[in-house]
Amino acid sequence: MRKQKIGLIFLEVLAIILLIVFFYPFYIIIINAAKSYNEIITDPLSLPENIFQIFSNAKEVMEKPNINYFSSFMYSVIITFVSLVAIGIFSAMAAWVLVRTKTRYSLIIFMIFLSGMVIPFQVVMLPLVRLLQTMKDITGIPFKGTVHGIILAYIGFGAPLSIFLFHGFIKSIPIDIEEAAIIDGCTKSQVFFKVILPILKPIFVTLLVLNGMWIWNDYLLPVLILGKGSSVQTLPLSVSMLAGNYFKDWSLILTSVLTAALPVVILFLFAQKHIIKGMTSGAIK
Amino acid sequence: MANEGNKLNQIGNNVLYFFISALIIIAFPVILTIQMVGKFIDKDLLVFKNKEGEGKVRKFIIDKWLGETYTAQNNRVFVYFLFPALGSFLLFVALPFIQGLWFSLTDWNGLNTGRESFIGFENYRTIITDYAFMYSFFRTAIYSVLNILVINVVAFSMALLVTQKLKGKNIYRAGFFMPNLIGGLVLGYIWQFIFNKAFVEFGGALDPSILINGDTALIGLIVVVTWQYAGYIMMIYIAAIQNIPQDLVEASKIDGANMFQRLKTITLPLVAQAFTVALFLTLVTSFKQFDTVTSLTQGGPATQLPAWIGSIYSKDLLPVVQSTNLIALDIYSEAFDNYEMGIGQAKAIVFFIVLLTFSLIQVYYNKRREVEM
């Protein structure tokens, strides 16, 4: 018993050391974001002289004219939010009709979606960029550098995984519920929106987390569809713009990095349980 | 030859135009038509004639209540509900994928967009005879193998650690998971600063920065990705370890098994399914690594081509190559820096086939090792 206790204390210490190692990079970023340029050059490991420097650094980042930090933050929020809602609802709708319609077509369409899961983005990116241009030539609607263009692309790329998860879940919902709703006078689409959609909440949360992390942090799709320096920017794009333009000005880069990471970290602290559960259950299925 | 290719290509373009116009301009009228026609197609007449069975009678009554036949409504909802997801998927994923197969066989170079001609498997021949691509492939392979090993060993050890009866285990879990929240691009900048500015202060092997040497830069990249990804993989292992029935563990304790015996005979076989998932995820993310490496090293530093690759391509003078130019990065720079879209697309397809093959092999072998409970 005693031996076991010593072992546990040893493991506890080991875990704490590991935690410190994991947090050390965060610590370095935070202390250096609160320093001036010269301070970082002379000693990056010391504590900052004036902790409030971080606010003036942040202000400087916000005010850089060619970065438009605030607007890119807002665009990131809008793009992530709209894409998440759209992916969630559209995939749930598609998955539901695919499960409940037992024909050859629904199986084939489901298989097409599944095959989309194994296609890496690199394979479709070059034709996609060209396709967006072609679509503009044909319809006159610009898709490159616009919010709706990138949201539509996210729906396309997010659909396979989401449909797969919804499909598995909807199969486990008994059809009796839907039949009861129809007897009670629901139309087919009312059955979905009033009966099925509320039941899908757990998968919805999982997908919000999985897709949300991906879209918020994504760099490659925005750089291709929006392009660096266009009027519509997301946060990763403007961080990379800033790092490119103010090369080696670490006090600015680190502050911008911190502001880009902060919203997600804050969200994590509040919804930790959902996020961890969402990410792992998404992976295991 | 070129003329013929152009003709072929024009046909290809016309088909493409037709497809897109159909999707965007004709789609809505089509849906409306289906809706209208749906009201007239009354397939339920068949059911009406043959009304044995409770379900069919019930269906008939429901149809009459709603004023529209059940089947017609079903068909309409099927199209409506499927359209947004399927449409954007076909337009943004499936169509570019199929187009990509064609573009990899053309001399598309960004300047001749729309006028490119069919050149057969020329691009594939170019990339096979390209020592830089070979090198980039080789580096990606090394990186992936090391990365998969390190991440899984670290993640599994951490999972074992935080499933013990520790006081702060929830804090540890959340803490180890935290780096995963930060995007790859941002992470690269963070670690570029840490390697280049902070760690050099410690001196020793860390000074000068490990990012200026090709091999240590690859190790640096593995450190960064492990820091980011191990917490996530750990969560997958934790879920699996917690699913192990406690009576098995207790029975083995009574039988006098020590910790290592328990690990070997109970834990490892029972989390085999989690291993399949974790190995698959790490394989795919390592292979597709793009964001972090763009911001951490930009593909550099430059180094000399290894002699053995040089000898395959019979280069006496070893040329300079980029040491962390992983495939995903190579595809991007081929297309957007060199404007060789056709070659870039061919590389992407080779990349896709290799990735698909390796992940299928991996899943196949691991599936065989799993234990059915």
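Here is the naming used below: chain letters follow the sequence lines, and residue numbers restart at 1 for every chain.
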Contacting region of [X] [heavy-atom separation from chain A under 4.5 Å]:
X: B:Phe290; value: side chain
X: B:Leu185; value: side chain
X: B:Leu166; value: both
X: B:Leu86; value: both
X: B:Leu356; value: side chain
X: B:Tyr332; value: both
X: B:Phe351; value: side chain

*Using the six-membered ring wherever Trp is involved, compare the ring planes of B:Phe103 and B:Trp108 and label them parallel, tilted or perpendicular (cut-offs 30° and 60°).*
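Ring orientation of B:Phe103 relative to B:Trp108: tilted.
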Heavy-atom distances under 4.5 Å only: say whether [X] touches chain B with side chain, backbone, both or neither.
X: A:Leu19; answer: both
X: A:Ile16; answer: both
X: A:Thr101; answer: side chain
X: A:Trp96; answer: side chain
X: A:Leu224; answer: side chain

Name the member of [options] that forms the most heavy-atom pairs with chain B at distances under 4.5 Å.
options: A:Ile109, A:Leu152, A:Val239; answer: A:Leu152
options: A:Leu269, A:Leu258, A:Leu14, A:Ile112; answer: A:Ile112
options: A:Ala153, A:Ser106, A:Pro236; answer: A:Ala153
options: A:Ile28, A:Val264, A:Leu11; answer: A:Leu11
options: A:Ala261, A:Ser115, A:Ala15; answer: A:Ala15
options: A:Leu220, A:Ile155, A:Ile87; answer: A:Leu220

*Could you tell me whether B:Lys167 and A:Glu12 have a side-chain N and a carboxylate O separated by less than 4.0 Å?*
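Looking at A:Glu12 together with B:Lys167, the answer is no, because their closest N to O distance does not fall below 4.0 Å.
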_N-O pairing of A:Arg130 and B:Glu116 below 4.0 Å_ =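 Salt bridge present between A:Arg130 and B:Glu116.
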Would [X] and [Y] count as a close aromatic pair, with their ring centres under 6.0 Å?
X: A:Trp214; Y: A:Phe157; answer: no
X: A:Phe23; Y: A:Tyr27; answer: no
X: B:Tyr237; Y: B:Phe275; answer: yes
X: A:Phe164; Y: A:Phe113; answer: no
X: B:Tyr80; Y: A:Phe192; answer: no

*With a 4.5 Å cut-off on heavy-atom pairs, point out which of B:Phe97, B:Trp227, B:Phe280 contacts chain A the most.*
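Top count of heavy-atom pairs under 4.5 Å with chain A: B:Trp227.
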*asked:* I'd like to know which of B:Gly168, B:Gly344, B:Pro84, B:Ser295 tops the heavy-atom pair count under 4.5 Å against chain A.
replied: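 Max contact count across the listed options: B:Pro84.
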_Let me confirm one number: the CZ-CG distance from B:Phe92 to A:Leu128, rounded to the nearest 0.5 Å._
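The CZ atom of B:Phe92 sits 6.5 Å away from the CG atom of A:Leu128.
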*Kindly say whether B:Thr294 contributes a backbone atom to a donor-acceptor pair with the side chain of B:Gln298 at under 3.5 angstrom?*
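Yes; at least one donor-acceptor contact below 3.5 Å.
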*Measure across B:Ala240 and B:Ala274 and return the closest heavy-atom pair with its distance rounded to 0.1 Å.*
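Scanning both residues, the minimum pair turns out to be CB-CB, 3.5 Å.
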_Any heavy-atom pair between the side chains of A:Asn32 and B:Phe193 that's under 4.5 Å?_
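In short, these two side chains touch, coming nearer than 4.5 Å.
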